[in-house]
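So the structure is just underneath, and the comments pick up after that.
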Amino acid sequence: MVTISVGDQARSLFLRQNQAQVKTDLTRLTQELASGQVSDLSNALRGDFSTLSGIERSLRLFDAYRNSGAEAALQTSAAQSALGTIQDQMFDLAPALLAASRTGAGQEMEIVAASAEDRLNTSIAMLNQQVAGRAQFSGTATDTAPLISADALLAQLEPLATGAVDAADLITTLDSWFMDAGGGFETVAYQGSTDPAAGFAVAEGETIANPLSALDPALRKSLMGMALTSLVAQGLGPATASDKQQMLEAAALQMIEGNEGVTDLRASLGNVEARIETAMVRNDTARGFLELERNALTGIDPFTVASELQEAQTRLESLYLLTTRLSRLSLTEYM
């Protein structure tokens with residue numbers, strides 16, 4: 001029979017306590033090596049969390065500005081595409097219409113003008129499109145399409161065309177309707193807000209102005225040119241050949257002038273896109289530095305932890321071996 005003395009019990013308790021401590025160290029070191037973070041932040045920071053809290057706050061702000069910048073980039077990219085499509089509608093129509101009107105070729109003018117209504121419809125659809133649930137050209141009224149439909153617009157212009165005494169009268173009337181402050185375009189065709197759209201918040205204290213609005217004069221000139229061409233194509237307005245020639249020439253010149261203005265608008269929008277991208281890069285760089293600072297406070301040295309883990313494994317194996325040998329100890333083996 002093996003007799004266990006009080007000394008044996010104390011030694012057994014000591015071994016179990018050491019095994020438990022080593023296992024706890026193994027669990028902690030394994031967790032730290034897997035996560036790359038210290039498990040006891042309070043001890044690592046000596047109870048002072050103020051610096052870490054400030055870093056975490058700044059990182060959350062940068063996350064918010066990253067999302068805001070991504071949305072701004074999406075909005076401006078879609079707007080560039082919309083403006084490009086509008087320019088495409090005028091690119092072929094305006095020069096061909098101007099050439100036909102100046103030669104006075106009636107049949108050719110009719111052929112060229114026939115596509116104007118479809119082009120007007122496409123242009124208005126581009127301005128009315130929503131991106132991420134927001135109307136882009138409506139000012140602050142981002143939940144409202146900025147313009148009435150092409151059919152509704154032409155219906156508003158039809159009485160003006162019918163009542164015009166000659167081409168010059170209709171051209172003057174439409175110019176006033178589209179371009180004058182408080183005219184028909186602003187009060188009937190435009191449904192958005194006259195207040196400019198909110199800018200793009202891209203960094204703390206930095207907001208980039210948003211230049212988009214269907215009230216832009218270049219867009220109004222472009223729409224006027226296409227609308228006037230559509231009226232002529234529908235046989236509305238003064239009916240003489242010279243009147244039609246004069247109206248189509250005026251429509252072509254309006255579209256050419258409007259196209260130049262849209263180019264300027266796109267250039268302005270391109271500047272906004274560049275500033276958004278610059279701000280996002282700057283934010284990402286600053287965010288990277290903050291992450292390095294956070295890791296310096298909360299991270300581990302993987303080589304040190306790996307060495308400590310190996311040492312703890314060795315200690316545990318030694319304790320197991322010692323426990324096994326002591327448990328087999330008897331008077332016979334001792335002698």
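Since the structure is predicted, the reported quantities are computational estimates derived from the model, not experimental observations.
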Paired with Val272, the side-chain contact (heavy atoms from CB on, under 4.5 Å) test is passed by just one of Ile208, Leu212, Asn210, namely Ile208
State which residues pass side chain to side chain donor-acceptor pair (under 3.5 Å) with Arg57; sequence neighbours excluded, sorted by chain then number.
none
Where do Gly139 and Tyr190 come nearest, in terms of heavy atoms and distance?
N-OH, 3.7 Å
Return the CG to CG distance between Asp243 and Leu170, rounded to the nearest 0.5 Å.
9.0 Å
Would one find more than 12 heavy atoms of other residues, nucleotides or ligands at under 6.0 Å from atom CD of Glu277?
no
Would you mind checking if Glu273 and Arg266 are paired as a salt bridge, meaning a charged N to carboxylate O distance below 4.0 Å?
no
If we only count heavy atoms from C-beta on, is the Ile111 to Gln107 side-chain gap below 4.5 Å?
yes
Taken to the nearest 0.5 Å, the spacing of Asp92 CG from Ser115 OG works out to 8.5 Å
Salt-bridge test for Glu71 and Arg66: reply yes if a basic N is under 4.0 Å from a carboxylate O, no otherwise.
no
Would you tabulate the side-chain donor-acceptor contacts of residues 155-166 under 3.5 Å, counting partners in other chains and residues two or more places apart, or write 'none'?
| from | atom 1 | to | atom 2 | distance (Å) |
| --- | --- | --- | --- | --- |
| Thr162 | OG1 | Glu158 | O | 3.0 |
| Asp166 | OD1 | Ala168 | N | 3.3 |
| Asp166 | OD1 | Asp169 | N | 2.8 |

Looking only at the side chains, is there a donor atom on one of Gln136 and Gln130 sitting less than 3.5 Å from an acceptor on the other?
no
So, are Asp88 and Arg119 salt-bridged, with charged N and O less than 4.0 Å apart?
no
For a quick test of reading the model, state the closest non-hydrogen atom pair linking Met126 to Ile86 and the distance between them.
CB-CG1, 4.2 Å
Qualifying residues under ring pair (Phe, Tyr, Trp, His ring centres under 6.0 Å), relative to Phe185, sequence neighbours excluded:
Phe178
Nearest 0.5 angstrom please: Met280 CE to Thr285 OG1, how far?
11.5 Å
Just wondering, do Gln254 and Asp175 contact through their side chains at under 4.5 Å, heavy atoms?
yes
Show the nearest heavy-atom pair for residues Ala214 and Pro146, with the distance to one decimal.
CB-CB, 3.9 Å
Going hydrophobic residue to hydrophobic residue with side-chain gaps under 4.5 angstrom, can you get from Ile256 over to Leu265?
no
